[in-house]
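Read the structure below first, then the notes.
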Amino acid sequence: MAYWLFKSEPDAFSIEDLKAKGAAGEPWDGVRNYQARNMIRDQMRIGDGVLFYHSNCAEPGVVGLAEVASQAYPDATAFDPQAKYCDPKSDPERPRWYLVELRYVRHLRGPIPLREIKLHADGPLADMPLVRRGNRLSVMPVTPAQWDFILGLEAAQ
DNA sequence: GCCAACGTTGGC
DNA sequence: GCCAACGTTGGC
């Protein structure tokens, strides 16, 4: 089992929104980045752990846990001319973009702000793309050691 | 709102 | 295949 971090803008879709979806979960559509696509399509498995991260907001940080709730399948919003993230270069015969569904697991005891994560940018979290300047990946891998360390920060709260 | 960093596009 | 221009992301 692997671990991931998913960014989401809380104004658009927050951890509360994911919680409200309950067991049904939420198809994580709209990812239009090849690096992220490859991870989604080739590496994600049902049951993988997800750090749910709020970006582009007053206090960016990890706010909760989710899990990968489906295998990857084509992102149909790419075929939909009405959709915001429509991509004419993707079609059902040869889909270019994929998604997995996410399911809410729990909130963290308290948010772990990016500010705090960065305190460990020279230590246990050095390899997290999150702490590197200018990183824009909306989906990124998390090592078991990083996962444990983050949850350790939560336990210390 | 600003702006640095990045990925993508498209002309050549 | 290069690279400038552009649009987007996302912290601050």
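Chain A is the first sequence line, chain B the second, and so forth, proteins listed ahead of strands; every chain is numbered from 1.
Remark: P of C/dT8 and CG of A/Asn56 are 14 Å apart, rounded to the nearest angstrom. Put simply, CG on A/Asn38 is 14 Å from C1' on B/dG7, counting in whole angstrom units. Rounded to whole angstrom, the span from the CZ atom of A/Arg96 across to the C1' atom of B/dG7 amounts to 14 Å. If you measure from atom CG of A/Asp11 to atom C1' of C/dG10, you get 13 Å, rounded to the nearest angstrom. With rounding to whole Å, A/His54 atom NE2 is found 17 Å from C/dT9 atom C1'. Straight-line distance from the CG atom of A/Leu137 to the C1' atom of C/dG11: 16 Å, rounded to whole Å. For A/Gln35 and B/dG7, the CD to P distance is 7 Å, given to the nearest whole Å. Taking atom CH2 on A/Trp97 and atom P on B/dG7, their separation rounds to 13 Å, with Å as the unit.
Scanning for side-chain hydrogen bond (donor to acceptor under 3.5 Å, both in side chains) contacts around A/Tyr34 gives A/Arg96, with sequence neighbours left out.
Phosphate proximity of C/dT9 to A/Lys7: absent, as no side-chain N or O sits under 4.0 Å from OP1 or OP2. Taking side-chain N and O atoms only, A/Tyr53 has no distance below 4.0 Å to OP1 or OP2 of C/dT9.
Contact check on A/Arg109 versus A/Glu154 returns no salt bridge, with no Lys/Arg side-chain nitrogen under 4.0 Å from an Asp/Glu carboxylate oxygen. Of the charged side-chain nitrogens involved, at least one lies within less than 4.0 Å of a carboxylate oxygen, so that A/Arg115 and A/Glu59 count as a salt-bridged pair.
Counting non-hydrogen atoms of other residues, nucleotides and ligands closer than 6.0 Å to CG of A/Asp42 gives a total above 12. With a 6.0 Å radius and a threshold of 12 heavy atoms from other residues, nucleotides or ligands, A/Gln35 has its CD atom at or below the threshold.
The A/Lys89 side chain lies nearest to B/dT9 when the options are B/dT9, C/dG11, B/dG7.
Rounding to the nearest 0.5 angstrom, the gap separating the CE atom in A/Met140 from the CE atom in A/Met39 is 7.5 Å.
If you check residues 113-135 of chain A against DNA chain C, the residues with a heavy atom closer than 4.0 Å are A/Leu114, A/Lys118, A/Asn135, listed by number.
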May I have the step-by-step check of side-chain contact (heavy atoms from CB on, under 4.5 Å) for A/Val62 and A/Ile117, ending in yes or no? CA-CA 9 Å; A/Val62 178; A/Ile117 291 172; 3.9 Å; yes
